Amino acid sequence: MAARPLLDLNAAELKQAASLVRALHRGQELVFKAITLEEPPKQLVLQYFKAEKDGTRLPLIPRGAFAAYYFKGTVSGTPCVPLCSVNPN
């Protein structure tokens, strides 16, 4: 079953997103301020809800994550949207 496109990230998705960001900065200590769902385009969400309402096959919408973090020992933050989906489906 396809995950509802606007549900909060689950624990596994949060861990995967953090791992992706850490992989971008190997050897550097990061402090995460937030990891949240990067909402999909509105048109995809509307297609999902139409299919749900009509009882037809639900489209698989990639789930991405937005991470706000900084390097430990600094004061500036770095926003990052991991380019790959955190959706294992």
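Because only heavy atoms are used, hydrogens play no part in the values below, and waters and symmetry mates are left out as well, while side chains stay in. Every value quoted in this text rests on a predicted model; they were computed, and no experiment measured them. Residues take their numbers from the sequence shown, with the count starting at 1.
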Measure across [X] and [Y] and return the closest heavy-atom pair with its distance rounded to 0.1 Å.
X     : Y     : result
Arg63 : Pro5  : NH1-O, 3.7 Å
Glu13 : Asp8  : OE1-O, 4.2 Å
Ala12 : Asn10 : N-OD1, 3.1 Å

Check whether Leu6 and Tyr48 end up in the same hydrophobic cluster, where Ile, Leu, Val, Met, Phe, Trp and Tyr are linked by side-chain heavy atoms less than 4.5 Å apart.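 Per the 4.5 Å side-chain linkage, Leu6 and Tyr48 are co-clustered.
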
To the nearest 0.5 Å, what is the distance between CD (Gln43) and CD1 (Ile61)?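 So the CD of Gln43 and the CD1 of Ile61 are separated by 10.0 Å.
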
Rounded to the nearest 0.5 Å, how far apart are CG of Leu9 and NZ of Lys15?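 Result: 13.5 Å between the selected atoms.
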
Just distance, no hydrogens or angles: give the donor-acceptor pairs under 3.5 Å from side chains in residues 26-37, sequence neighbours left out.
unit_1, atom_1, unit_2, atom_2, d
Glu29, OE2, Lys72, NZ, 3.4

Under 3.5 Å, side-chain donor or acceptor atoms of residues 49-56 against the rest of the protein: list the pairs with distances, not counting sequence neighbours.
unit_1, atom_1, unit_2, atom_2, d
Lys50, NZ, Asp54, OD2, 2.7
Glu52, OE1, Arg4, NH1, 3.0
Glu52, OE2, Arg4, NH1, 2.5
Thr56, OG1, Ala51, O, 3.4

